[in-house]
Amino acid sequence: MIGRASVVPAQRSGDTGSEVVAVSAVERYKEVVGQAAAAVEKVRDQDRDRVRELLVRLAASQDRVAELIEQEKLTHVAVRLLWEAAVEALWEERWMQMKPIPDPDETVPPRAQQDYFTAMDLAYYSLEDALQKRGLLRRKNT
């Protein structure tokens with residue numbers, strides 16, 4: 001029972017008060033089918049709205065994946081260029097054996113990509129600076 005109202009139709013409960021109008025089975029069937037059809041249409045509308053929302057989110061996620069793939073390619077190019085520049089800068093250091101570019105270090109904690117680019121640039125500029133200072137010191141000694 002919901003509150004004080006009975007879920008049993010008035011005709012079946014024997015309660016045939018003056019406020020209850022007799023409803024035929026056909027009319028009751030049409031009413032129930034109409035309610036079911038309205039509920040189905042409401043669910044379909046909700047489903048259409050959800051599909052639209054999910055399609056927008058899917059497109060956004062696909063765009064983000066494409067951006068990340070492009071960023072990954074650019075990062076590989078940047079790393080390769082800096083590595084080759086470092087090898088070229090160390091070319092005169094015959095005692096140093098240069099190895100191929102190392103694999104990425106997966107243990108590094110995640111940060112913004114720009115932080116890694118900055119760290120690579122600083123490392124390369126520090127190498128150049130150290131090589132220039134060393135070259136100046138060498139010339140003084142000879």
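- Residues meeting the side-chain contact (heavy atoms from CB on, under 4.5 Å) test with Asp129, sequence neighbours left out: Lys133.
- The line from OG of Ser24 to CD of Glu31 is 10.5 Å long, rounded to the nearest 0.5 Å.
- Sorted by first then second residue, the side-chain hydrogen bond (donor to acceptor under 3.5 Å, both in side chains) pairs that include residues 32-43, not counting sequence neighbours, number zero.
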May I have the step-by-step check of side-chain contact (heavy atoms from CB on, under 4.5 Å) for Arg44 and Val40, ending in yes or no?
-> CA-CA 6 Å; Arg44 284 183 180 158; Val40 166; 3.7 Å; yes

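- Among all heavy-atom pairs drawn from Leu90 and Met98, the shortest one is CD1-SD, 3.9 Å.
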Side-chain donor/acceptor pairs under 3.5 Å, residues 110-124, sequence neighbours excluded:
from   : atom 1 : to     : atom 2 : distance (Å)
Gln113 : NE2    : Thr75  : OG1    : 3.4
Tyr116 : OH     : Pro109 : O      : 2.3
Tyr116 : OH     : Arg111 : N      : 3.1
Thr118 : OG1    : Gln114 : O      : 2.9
Tyr124 : OH     : Glu128 : OE2    : 2.8

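- Scanning for salt bridge (Lys or Arg N to Asp or Glu O under 4.0 Å) contacts around Asp49 gives Arg52, with sequence neighbours left out.
- A distance of 12.0 Å separates CG of Leu74 from CD of Glu67, quoted to the nearest 0.5 Å.
- For Glu70, the salt bridge (Lys or Arg N to Asp or Glu O under 4.0 Å) test picks out no residue, with sequence neighbours left out.
- When side chains are defined from C-beta on, Trp83 does not count as touching Pro100, because their heavy atoms never get closer than 4.5 Å.
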Intermediate values then yes/no, side-chain contact (heavy atoms from CB on, under 4.5 Å), Leu58 and Leu54 = CA-CA 6 Å; Leu58 176 63; Leu54 291 174; over 6 Å; no

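- Annotation for Leu81: hydrophobic cluster partners, listed by chain and number, are Val77 (ILVMFWY side-chain heavy atoms under 4.5 Å, direct or chained).
- Taking every heavy atom of both residues into account, Ala86 and Leu127 meet most closely at CB-CD2, 3.7 Å.
- Residue Arg48 places its CZ atom among more than 12 non-hydrogen atoms of other residues, nucleotides or ligands, all under 6.0 Å distant.
- Following chains of ILVMFWY side-chain contacts shorter than 4.5 Å, one cannot reach Val23 starting from Tyr29, and the two form parts of different hydrophobic clusters.
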